[in-house]
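Just so you know, ligand 1 is whichever comes first in the structure, and atom 1 is the first atom listed for that ligand. The structure displayed is predicted, hence computed values, not measured ones.
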Amino acid sequence: MIEAQKGTRDILPEEIGRWQFVEDRARESFERYGFGEIRTPIFESTELFARGIGEGSDIVSREMYTFVDRGGRSLTLRPENTAPVARAVLQHQMHRASGLQRLYYIGPMFRYERPQKGRMRQFHQIGVEVFGSEHPAVDAETLEMLMRFLHRLGLDDPELVLNSVGDSTCRPAYRAALLAYLEPRRDGLCEDCRRRMVDNPLRCFDCKVEADRATMAQAPAITDFLCDACREHFDRVLGLLRNYGVRHRVDPRLVRGLDYYRRTAFEVALQSLGAQNALLGGGRYDGLIRDLGGPDVPGFGFAVGEERLVMALPSARPVDGGGPDVFIAAVGEQGVERALLVARALRAAGRRVVFDPLPDKSLKAQLRRANDLQARFVLIFGESEVRERSVTLKTMSDGSQETIAEETVVARLGEMMGG
Ligand code: HAM
């Protein structure tokens with residue numbers, strides 16, 4: 001048997017309701033704030049990610065699905081969507097429009113990681129990106145939108161944790177201070193961290209090794225090194241969040257694994273998710289469009305892991321699609337023909353109708369199926385009904401039935417369902 005690849009999975013009809021629920025809420029929430037949807041290709045040139053996310057990042061150095069196509073191009077399945085969206089903004093000159101560009105996306109991303117609960121090789125993100133302003137109000141308003149979205153999903157008190165990771169003015173001095181702290185401790189660090197010291201020492205904060213975490217907890221914090229402009233930006237963001245009443249915590253050692261971040265960086269983790277507890281991450285990336293060959297266009301955004309979001313939904317949410325309004329059971333060929341026409345008329349009237357043309361199955365078996373599907377009503381075309389051009393209408397909640405003329409079915413169901 002051929003099975004789905006390791007780290008990928010099918011999302012089956014019985015779970016899709018939860019996915020549609022979060023996606024509907026996302027669209028609704030973001031559109032209220034003026035965001036429009038963008039859909040970018042699943043694969044892009046490898047160079048886009050190397051330049052955008054950074055050669056030394058874990059994603060680019062060892063997690064990308066990269067291949068050469070028949071034309072000899074190096075292509076990569078998108079591991080994230082900030083770089084592709086920035087590429088699209090630049091390509092379509094959307095940054096030239098007066099005012100901000102507010103975009104959101106929902107779709108699959110690909111990373112070659114060791115799969116475990118909540119960590120997939122094909123996973124989905126719901127994300128937003130705002131281009132065109134470095135004003136702290138963009139950070140604050142987008143974060144307020146994000147927290148409201150999570151609240152509307154009924155998540156249990158998600159905590160926003162944020163930091164400023166500085167910019168090209170203040171980061172070099174911080175980097176030097178961090179290296180000065182790490183050098184004498186190098187031998188005690190894991191192999192990955194020793195490599196990170198060369199590529200980007202800030203990434204040592206992401207290390208999961210217990211001993212390294214203890215070392216990093218004592219390391220100098222970027223917040224003590226921010227230049228005046230970054231300090232002021234961060235203070236404004238925090239002040240605006242306080243005005244909103246958005247609960248948050250500053251973690252001076254929070255850094256993110258992608259190179260494009262400047263100034264604000266943030267995450268929301270949920271303990272209920274277990275080991276892979278990062279629900280979402282994001283921040284400001286004012287240098288990204290320039291790194292891709294464009295002008296200076298500031299940007300800010302986040303991406304939520306949809307698998308993790310769906311997992312974290314309160315289980316009480318009745319978010320499956322529900323059963324059909326009507327299940328039609330028919331015996332014999334004539335029954336099938338009548339059923340098809342009645343099903344069409346009911347659907348035209350807006351009803352959700354399931355008809356399985358299995359006329360050799362007993363009525364009893366067909367009713368069992370209606371029950372499994374949780375249909376509200378069953379229409380029965382048995383032998384006598386076919387002969388008399390009538391139909392039996394059964395209400396599944398109380399088992400009551402009535403036999404009525406076929407041409408009155410649409411109206412009768414309308415009455416029973418309240419229009
Ligand atoms: P990221 O932190 O790499 O950021 O990913 C964001 C979220 O995607 C994570 O918090 C997690 O929920 C989910 N995620 C990442 N990898 C996996 C995986 N292998 N399996 C399941 N879920 C996963 C970004 O991707 C940035 N582009 C976010 C951003 C947007 N920054 C600014 N704008």
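- Partners of R236 under the salt bridge (Lys or Arg N to Asp or Glu O under 4.0 Å) rule, at least two apart in sequence or in another chain, do not exist in this structure.
- In the candidate list A83, G299, G281, G281 is nearest to atom 28 (C) of ligand 1, counting heavy atoms.
- Checked by distance only, ligand 1 and E307 stay at 3.5 Å or farther apart across all their nitrogen or oxygen atoms.
- Heavy atoms of R256 approach ligand 1 to within less than 4.0 angstrom.
- With sequence neighbours excluded, the residues satisfying salt bridge (Lys or Arg N to Asp or Glu O under 4.0 Å) with D356 are R369.
- The number of heavy-atom neighbours closer than 6.0 Å to CD of Q401, taken from other residues, nucleotides and ligands shown, is above 12.
- Ring centroids of Y65 and Y112 are separated by less than 6.0 Å, placing the two rings close together.
- Side-chain polar atoms of T82 and E80 form a donor-acceptor pair below 3.5 angstrom.
- Listed by number with element, the atoms of ligand 1 under 4.0 angstrom from any heavy atom of T82 are 26 (C), 27 (N), 29 (C), 30 (C), 31 (N), 32 (C), 33 (N).
- At least one heavy atom of Y260 sits closer than 4.0 Å to an atom of ligand 1.
- Which parts of ligand 1 touch E129 is read off a 4.0 Å heavy-atom cut-off, strictly below it: atoms 30 (C), 32 (C), 33 (N).
- Proximity to G301 (heavy-atom distance under 4.0 Å) selects the following atoms of ligand 1: 30 (C), 31 (N), 32 (C), 33 (N).
- The backbone N or O of F234 lies less than 3.5 Å from no partner atom in the side chain of S164, so there is not a single donor-acceptor pair.
- Considering both main-chain and side-chain atoms, Q125 comes within under 3.5 Å of ligand 1 through a nitrogen or oxygen pair.
- Residues F300 and F266 place their aromatic rings such that the two centres sit under 6.0 Å apart.
- The closest heavy-atom contact to atom 7 (C) of ligand 1, among the options A303, G283, G7, comes from A303.
- The single protein non-hydrogen atom nearest to atom 13 (C) of ligand 1 is G305 CA, 3.6 Å, given as residue, atom name and distance.
- Ligand 1 places these atoms under 4.0 Å from at least one heavy atom of M120: 18 (C), 19 (N), 20 (N), 21 (C).
- Short contacts between ligand 1 and L280, defined as distances under 4.0 Å to a heavy atom of the residue, involve ligand atoms 10 (O).
- Looking only at heavy atoms of the protein, atom 31 (N) of ligand 1 is closest to Y261 OH, 2.6 Å.
- For the pair R119 and ligand 1, the shortest N or O to N or O distance does not fall below 3.5 Å.
- Ligand-side atoms of ligand 1 in range of E80: 25 (O), 26 (C), 27 (N), range being under 4.0 angstrom from any heavy atom.
- Between F30 and F149, the ring center distance clears the sub-6.0 Å criterion.
- Using modelled atom types, one side-chain atom of R171 and one backbone atom of V165 make a donor-acceptor pair closer than 3.5 Å.
- In terms of N/O distances under 3.5 Å, ligand 1 is not approached by F123.
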Decide ring-ring contact (aromatic ring centres under 6.0 Å, His included) for Y33 and Y104; before the verdict, give the C-alpha distance in whole Å, the side-chain angles of both, and the deciding distance to 0.1 Å. CA-CA 11 Å; Y33 289 73; Y104 74 87; over 10 Å; no
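- By the neighbour-count criterion of 12 heavy atoms within 6.0 Å, atom CD of E183 is densely surrounded, having more than that number from other residues, nucleotides or ligands.
- Protein heavy atom at the shortest distance from atom 9 (C) of ligand 1 is A278 O, 4.2 Å.
- Every atom of ligand 1 with a heavy atom of G118 under 4.0 Å away is listed here by number and element: 20 (N), 21 (C), 22 (N).
- In terms of N/O distances under 3.5 Å, ligand 1 is not approached by N81.
- Scanning the protein for heavy atoms near atom 11 (C) of ligand 1, the closest one is R308 NH1, 3.5 Å.
- Close approach of ligand 1 to G282 is summarised as follows: ligand atoms under 4.0 Å from at least one heavy atom of the residue are 31 (N).
- Figure legend: cation-pi geometry between R185 and Y181, with NZ or CZ positioned under 6.0 Å from the six-membered ring centre and within 45° of its axis.
- Any N or O atom pair closer than 3.5 Å counts here, and F302 shares at least one such pair with ligand 1.
- A donor-acceptor contact shorter than 3.5 Å links the side chain of R51 to the backbone of L292.
- For a threshold of 3.5 Å applied to N or O pairs, the pair formed by E113 and ligand 1 contains at least one separation below that value.
- Annotation for R27: atom CZ counts as buried by contact number, over 12 foreign heavy atoms lying within 6.0 Å.
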